[in-house]
Amino acid sequence: MASAPPRVFPLIDVRSSGLPMTASGSGFLMPPPGQAVQDTLGRPLRDLRISVTDRCNFRCSYCMPKEVFHKDYPYLPHSALLSFEEITKLARQFVALGVQKIRLTGGEPLLRKNIEVLIEQLAAIQTPSGKPLDLTLTTNGSLLAKKAASLKRAGLQRVTVSLDGLDDAVFQAMNDVAFPVADVLKGVDAALAAGLGPIKINMVVKRGTNDHEVAAMARHFKGTGVALRFIEYMDVGATNGWRMDEVVPSNEILSRLRAVMPLVPLVSSQRGETAQRWGHADPAGLHDTTAGEIGFISSVTQAFCGDCNRARLSTEGQLYLCLFAGQGHDLRTLLRSGADEHQLRQAISAVWGDRADRYSALRGSTSAGAPSGSRRVEMSYIGG
Ligand code: SAM
Ligand code: SF4
Ligand code: SF4
């Protein structure tokens with residue numbers, strides 16, 4: 001049995017790391033107003049994922065396997081979590097530095113008490129050009145039927161729901177808490193009814209576990225206005241016992257689907273988009289927009305690091321520059337030591353300006369791909 005991973009990761013305290021912190025407005029590493037800060041590879045900061053809890057009511061084997069995340073697992077105490085006010089204060093600085101999209105995640109974000117209050121606060125933030133944020137959330141759907149309407153009222157724009165199959169035996173084995181498919185689908189319906197669309201469904205595909213479900217899933221969501229995305233099973237974290245032979249490459253799924261349904265490639269709608277999109281085709285071979293589209297997130301076989309514009313803020317306020325990073329940057333200490341907004345912006349800007357992460361692009365080629373130093377951070381800690 002694997003032992004529980006350490007909860008404390010090596011941290012860089014920006015106060016002692018030589019990062020700029022003067023309130024003098026020296027402008028060091030700060031982008032001109034209205035422009036996004038860029039990393040060493042020219043990638044702008046556009047997308048922020050905020051993990052609001054490290055807890056979850058599912059035990060998906062690829063994310064929080066029961067043997068590790070058992071009842072005595074040392075989850076973070078409440079005092080370690082960023083408060084809603086702290087999250088909002090940080091989010092405002094990220095937006096000033098270029099972030100246009102915020103995704104709430106976890107753990108299971110709907111388990112965080114009064115999450116609607118945080119959503120209200122985030123929804124009030126505008127980009128420097130006065131536009132509202134693209135505010136979304138990824139959920140396992142278990143609490144969505146109950147919460148969809150209040151999430152929408154609070155200002156959430158859309159949701160992504162994770163669902164790994166339509167067959168109860170398959171899905172219940174994967175979530176490992178016997179949660180039924182029908183209840184997730186009720187959540188999806190409630191989200192549609194509440195106006196939380198366009199909705200995306202994430203399906204992690206594992207060979208020999210749920211790969212026989214891909215065509216049924218594609219048929220089920222065709223014409224519903226819901227976009228299904230197939231996600232390659234990733235070697236994230238250190239607890240899921242990942243093996244390459246359990247990854248089903250996107251190309252293989254696409255070939256299997258094209259053998260049974262007509263699909264046409266769609267152009268990506270924006271830089272940094274993670275999914276390759278395909279549309280259901282009409283008899284003339286053109287995209288039938290009423291039938292909708294599916295997507296492929298090929299993090300293992302076709303790395304998209306070149307366009308990766310995502311930062312991740314952990315539940316306890318560590319800034320991670322890559323899903324595979326071994327080390328975070330401690331924004332909570334800075335925040336709680338009384339840093340003002342300008343100092344926070346300077347620190348975030350300096351950390352992003354120094355970013356060179358591209359784990360997936362290097363994966364398998366050399367050992368350079370592995371995160372330096374310590375073990376990898378878990379997906380449930382920084383969110384997907
Ligand atoms: N609990 C929520 C959920 O499941 O939607 C949000 C957090 S979860 C970590 C975010 C996304 O990461 C989910 O869509 C999940 O399927 C995906 N994920 C988790 N572990 C993964 C892995 N090893 N490989 C690929 N995707 C993974
Ligand atoms: Fe929970 Fe989401 Fe991880 Fe599944 S993928 S264990 S639902 S956090
Ligand atoms: Fe971004 Fe890291 Fe994933 Fe590459 S491996 S796409 S840098 S999160």
Side-chain angles (χ1 to χ4, degrees), residues 39-41 43 45-47 49-66 68-69 73 103-112 136-144 159-165 171 174-177 179 184 187-188 200-206 209-210 228-243 246-248 272-274 297-300 302-312 314-315 320-326 355-364 369-371 376-384:
D39 70 7
T40 61
L41 302 174
R43 298 171 296 186
L45 173 57
R46 289 285 182 216
D47 186 326
R49 300 188 176 198
I50 304 175
S51 176
V52 293
T53 176
D54 60 340
R55 293 165 195 255
C56 187
N57 53 345
F58 283 15
R59 286 292 174 275
C60 306
S61 54
Y62 51 72
C63 179
M64 296 179 74
K66 247 181 196 164
V68 177
F69 295 88
Y73 182 81
R103 177 177 295 279
L104 299 180
T105 179
E108 173 46 44
L110 298 187
L111 289 182
R112 179 85 187 246
T136 180
L137 173 150
T138 303
T139 173
N140 62 24
S142 57
L143 296 169
L144 199 49
V159 286
T160 296
V161 181
S162 303
L163 178 63
D164 295 331
F171 182 57
M174 285 183 87
N175 66 52
D176 213 7
V177 293
F179 198 86
V184 178
V188 173
K200 291 176 187 159
I201 301 280
N202 279 353
M203 174 180 181
V204 175
V205 184
K206 267 183 96 174
T209 302
N210 66 339
L228 173 64
R229 290 140 28 116
F230 299 105
I231 302 184
E232 288 178 350
Y233 169 39
M234 282 189 282
D235 50 335
V236 66
T239 59
N240 63 11
W242 182 87
R243 296 201 327 248
E246 289 184 318
V247 177
V248 187
E273 190 170 71
T274 47
I297 301 185
S298 320
S299 332
V300 178
Q302 296 165 50
F304 38 80
C305 301
D307 276 343
C308 180
N309 52 21
R310 286 176 295 285
R312 293 178 161 85
S314 81
T315 315
Y320 283 84
L321 302 176
C322 175
L323 200 46
F324 298 92
R355 176 184 187 242
D357 302 65
R358 51 190 189 110
Y359 173 81
S360 285
L362 301 174
R363 176 198 281 117
R376 290 183 197 152
V377 65
E378 294 299 326
M379 187 82 135
S380 51
Y381 175 78
I382 51 169

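Position 1 is the first residue of the sequence, and the numbers go up from there. Counting convention: from 1, in listed order, for ligands and their atoms alike.
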Is there a side-chain contact (heavy atoms from CB on, under 4.5 Å) between Val236 and Trp242 once you walk through the steps? CA-CA 8 Å; Val236 66; Trp242 182 87; over 6 Å; no
Please step through side-chain contact (heavy atoms from CB on, under 4.5 Å) for the pair Val248 and Tyr233, ending with a clear verdict. CA-CA 8 Å; Val248 187; Tyr233 169 39; over 6 Å; no
side-chain contact (heavy atoms from CB on, under 4.5 Å) between Val247 and Asp235, intermediate numbers included: CA-CA 9 Å; Val247 177; Asp235 50 335; over 6 Å; no
Working note: Glu246 + Tyr62, criterion side-chain contact (heavy atoms from CB on, under 4.5 Å); need CA distance, chi angles, decisive distance, verdict. CA-CA 11 Å; Glu246 289 184 318; Tyr62 51 72; over 6 Å; no
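Atoms of ligand 1 found under 4.0 Å from any heavy atom of Val204, numbered from 1 in the order shown, are 16 (O), 25 (C), 26 (N), 27 (C). Per-residue contacts place Tyr233 under 4.0 angstrom from the following atoms of ligand 1 (heavy atoms of the residue considered): 23 (N), 24 (N). When each atom of ligand 3 is checked for a heavy atom of Arg312 under 4.0 Å away, the hits are 8 (S). Of all the atoms in ligand 1, the ones that sit under 4.0 Å from a non-hydrogen atom of Thr105 are 6 (C), 7 (C). Close contacts between ligand 1 and Gly106 involve ligand atoms 7 (C), 9 (C) [criterion: under 4.0 Å to a heavy atom]. Atom numbering of ligand 1 starts at 1 in the shown order; those under 4.0 Å from a heavy atom of Asn202 are 14 (O). Each of the following atoms of ligand 1 lies closer than 4.0 Å to a heavy atom of Asn140: 2 (C), 3 (C), 5 (O). Each of the atoms 5 (S) of ligand 3 lies under 4.0 Å from some heavy atom of Phe324. The Val236 neighbourhood of ligand 1 comprises atoms 22 (C), 23 (N), with distances under 4.0 Å to a heavy atom of that residue. Every atom of ligand 1 with a heavy atom of Glu108 under 4.0 Å away is listed here by number and element: 1 (N), 2 (C).
Between Cys305 and Ala361, the closest heavy-atom pair is SG-N, 3.3 Å. In terms of heavy atoms, Cys308 sits closest to Arg355 at O-NH1, 2.9 Å. Taking both residues in full, the closest heavy atoms of Thr139 and Leu144 are given as CG2-CD2, 4.1 Å, listed atom of the first, atom of the second, then distance. For Arg43 against Ala356, the heavy-atom pair with the smallest separation is NH2-C, 3.8 Å.
Contacts between Arg49 and ligand 3 below 4.0 angstrom, taking non-hydrogen atoms only, are absent altogether. Under 4.0 Å from ligand 1, heavy atoms of Thr138 appear from its side chain as well as its backbone. At a 4.0 Å heavy-atom cut-off, ligand 1 does not touch Thr160 at all.
For ligand 1, one of its N or O atoms has an N or O atom of Gly107 under 3.5 Å away. Residue-to-ligand polar distances place Tyr62 within reach of ligand 1: an N/O pair is separated by less than 3.5 Å. The shortest N or O to N or O distance between Met234 and ligand 1 is under 3.5 Å. Remark: ligand 1 and Asp164 share no N or O pair separated by less than 3.5 Å (distance only, no angle test).
Under a 3.5 Å cut-off, the side chain of Glu108 and the backbone N or O of Asn140 do form a donor-acceptor pair. No donor-acceptor pair closer than 3.5 Å links the side chain of Thr274 to the backbone N or O of Ile297.
Side chains of Ser142 and Asn57: a donor-acceptor N/O pair is present below 3.5 angstrom, by distance only.
How far CD of Glu378 is from CG of Asp54: 11.0 Å, rounded to the nearest 0.5 Å. Atoms CG and CZ, from Asp47 and Arg312 in turn, are 8.0 Å apart once rounded to the nearest 0.5 Å. Between Tyr320 atom OH and Ser51 atom OG the span is 10.5 Å, to the nearest 0.5 Å. We find the CG-CG distance between Asn309 and Leu45 to be 8.0 Å, quoted to the nearest 0.5 Å. Within the model, atoms CE of Met203 and CG of Asn210 stand 4.0 Å from one another, a figure rounded to the nearest 0.5 Å.
Between Phe58 and Phe171, the two ring planes are perpendicular [angle over 60°; tilted spans 30° to 60°].
Taking distances strictly below 2.8 Å, the protein N/O/S atoms close to atom 4 (Fe) of ligand 2 are Cys60 SG. Excluding waters, the set of protein N, O or S atoms lying under 2.8 Å from atom 1 (Fe) of ligand 3 comprises Cys308 SG.
The shell of residues lying under 4.0 angstrom from ligand 2, judged by heavy atoms, includes Gly107. Close to ligand 1: Glu232, with a non-hydrogen atom less than 4.0 angstrom away.
One finds no salt bridge joining Arg59 and Asp176 here, because no Lys/Arg side-chain nitrogen approaches an Asp/Glu carboxylate oxygen to under 4.0 Å.
In summary, of the residues considered (Arg229, Lys200, Arg103), a side chain to side chain donor-acceptor pair (under 3.5 Å) with Thr160 occurs for Arg103 alone.
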